[in-house]
Amino acid sequence: MRHLSHLSTLLWKDLLIEVKSRETIISMFLFSLLVILIFNFAFAADAATLKKLSPGLIWITFLFFGVLGLNRSFTLEKENGSLQGTLLTPVDRGVIYLGKFLSNLIFVLFVEIITLPLFTLFLNVNLLQHFGDLWIILVLGSIGFISVGTLFSAIAVNTKLREVMLPILLYPVITPAFIAAVKCTSAILRERPVESYSNWLSILILYDVVFLVTSFLIFEFVVEE
């Protein structure tokens, strides 16, 4: 119960800061809007071609604005000195990681949901029609992406080139989850049965479990160093 109380306090703190500033969500949304507009003009293809390309375009967009949000995850607290204050409190380091992971996940999922209609509008691919199956892949793909990204964000925040360091560390590690998410999304948009992409779905779930647990366990060593 004590850990749950600490977790809810840390999560509420991050949500309250974002509600007051709106810096992270607005910057992620504007960036995703810009990427979608560029895709719209870059890929002047027919509807069938866009439907084939859209899974990759969707996850590339999510990846870009997700890194933007992760870069700000620890930066504000580092600049204000509150990160050191949080680490000095008698709160388990794993709970601090889970609090930051959950707040990052909520921000990314919120922007993903409000971005999907823009893909439907600009790329002429009706994603909302498949939202019932698609949201599961969005959640699983985002968990894998954010679990690793939150850990690497804590590492990168102590480096001089943190904006460059985070993508360099993150992109190679999340490639399996990214490929699995694209494959699952593509199968859903083509209205294939679950059996046709169950292997990719298993890889995505396994990736989430392994990297979420691993990041939770080693977060203490990362922040102590």
Side-chain angles (χ1 to χ4, degrees), residues 28 32 35-36 39 43 47-70 73 94 97-98 100-120 122-153 166-167 169-219:
M28 286 196 296
S32 65
V35 173
I36 293 170
F39 285 158
F43 298 100
T49 305
L50 284 173
K51 194 170 184 177
K52 293 179 182 177
L53 294 175
S54 56
L57 300 180
I58 290 168
W59 281 101
I60 287 173
T61 305
F62 292 168
L63 193 61
F64 282 171
F65 77 67
V67 169
L68 187 66
L70 287 169
S73 179
Y97 166 78
L98 287 179
K100 190 60 72 177
F101 161 76
L102 288 174
S103 61
N104 287 332
L105 182 64
I106 290 172
F107 298 153
V108 166
L109 286 175
F110 179 76
V111 178
E112 286 177 358
I113 290 174
I114 62 176
T115 301
L116 285 181
L118 297 178
F119 279 104
T120 301
F122 288 102
L123 297 183
N124 196 26
V125 179
N126 191 358
L127 300 174
L128 302 180
Q129 178 185 353
H130 306 283
F131 187 75
D133 296 323
L134 201 56
W135 73 269
I136 299 174
I137 307 304
L138 291 180
V139 172
L140 291 175
S142 301
I143 288 175
F145 169 36
I146 298 300
S147 61
V148 182
T150 301
L151 179 70
F152 286 163
S153 178
L166 179 59
L169 293 172
L170 182 62
Y171 288 163
V173 179
I174 64 167
T175 299
F178 184 81
I179 293 173
V182 170
K183 290 290 186 181
C184 292
T185 304
S186 177
I188 290 172
L189 294 184
R190 295 181 183 187
E191 300 180 355
R192 300 283 173 79
V194 178
E195 291 76 17
S196 66
Y197 61 92
S198 59
N199 289 339
W200 290 110
L201 188 59
S202 299
I203 291 174
L204 191 55
I205 294 172
L206 181 63
Y207 182 97
D208 288 357
V209 173
V210 170
F211 280 91
L212 183 58
V213 172
T214 304
S215 300
F216 172 80
L217 293 176
I218 67 175
F219 182 75

| Ser202: side chain to side chain contact (heavy atoms under 4.5 Å, CB included) partners, not counting sequence neighbours | none
| Reported CG-to-CD1 distance for the pair Leu116 and Ile36, which is rounded to 0.5 angstrom | 8.5 Å
| field | Nearest-0.5 Å distance, CD1 of residue Ile146 to CD1 of residue Ile174 | value | 9.0 Å
Validation: residues 181-188 side-chain donor-acceptor distances under 3.5 Å, sequence neighbours left out:
residue	atom	partner	partner atom	Å
Thr185	OG1	Trp59	NE1	2.9
Thr185	OG1	Ala181	O	2.7

| request: Please collect all ring pair (Phe, Tyr, Trp, His ring centres under 6.0 Å) contacts where either partner lies in residues 173-209, sequence neighbours excluded, each pair once. | output: Tyr207-Phe211
| note | Between Leu189 and Ser54 the two heavy atoms that sit nearest each other are CD1-OG, 3.5 Å
| field | Residue pair Leu204 / Ala177: nearest heavy atoms and the distance that separates them | value | CD1-O, 3.6 Å
| query | Does any non-hydrogen side-chain atom of Val210 lie less than 4.5 Å from one of Thr214? | reply | yes
| said: Could you work out, with side chain to side chain contact (heavy atoms under 4.5 Å, CB included) as the rule, every residue matching Pro172, not counting sequence neighbours? | reply: none
| In chain order, what residues pass the side chain to side chain contact (heavy atoms under 4.5 Å, CB included) check against Glu191, with sequence neighbours excluded? | Gln129, His130
Counting only pairs under 3.5 Å, give me each side-chain donor-acceptor contact of residues 61-69, with atom names and distances, residues two or more places apart or in other chains.
residue	atom	partner	partner atom	Å
Thr61	OG1	Leu57	O	2.7

| Shortest non-hydrogen contact from Ser32 toward Thr115 | OG-OG1, 3.6 Å
| request: Would you please name every residue forming a ring pair (Phe, Tyr, Trp, His ring centres under 6.0 Å) with Phe219, sequence neighbours left out? | output: Tyr97
Can you give each donor-acceptor pair under 3.5 Å made by side-chain atoms of residues 133-143, sequence neighbours left out, with the distance rounded to 0.1 Å?
residue	atom	partner	partner atom	Å
Trp135	NE1	Gly132	O	2.8
Ser142	OG	Glu112	OE1	3.1
Ser142	OG	Glu112	OE2	2.8
Ser142	OG	Leu138	O	2.6

| field | Non-neighbouring partners of Ile114 that pass side chain to side chain contact (heavy atoms under 4.5 Å, CB included), sequence neighbours left out | value | Phe29, Phe110
| task | Can you sort out the partners of Ser147 under side-chain hydrogen bond (donor to acceptor under 3.5 Å, both in side chains), two or more places apart, ordered by chain and number? | result | none
| request: Can you sort out the partners of Thr150 under side-chain hydrogen bond (donor to acceptor under 3.5 Å, both in side chains), two or more places apart, ordered by chain and number? | output: Asn104
| Leu212 side, atom CG; Phe101 side, atom CZ - distance, nearest 0.5 Å | 5.0 Å
| message | Let's go through Leu109 and Leu105 carefully: what are the C-alpha distance in whole Å and the side-chain angles of both, what is the deciding distance for side chain to side chain contact (heavy atoms under 4.5 Å, CB included) to 0.1 Å, and is it a yes or a no? | response | CA-CA 6 Å; Leu109 286 175; Leu105 182 64; 3.9 Å; yes
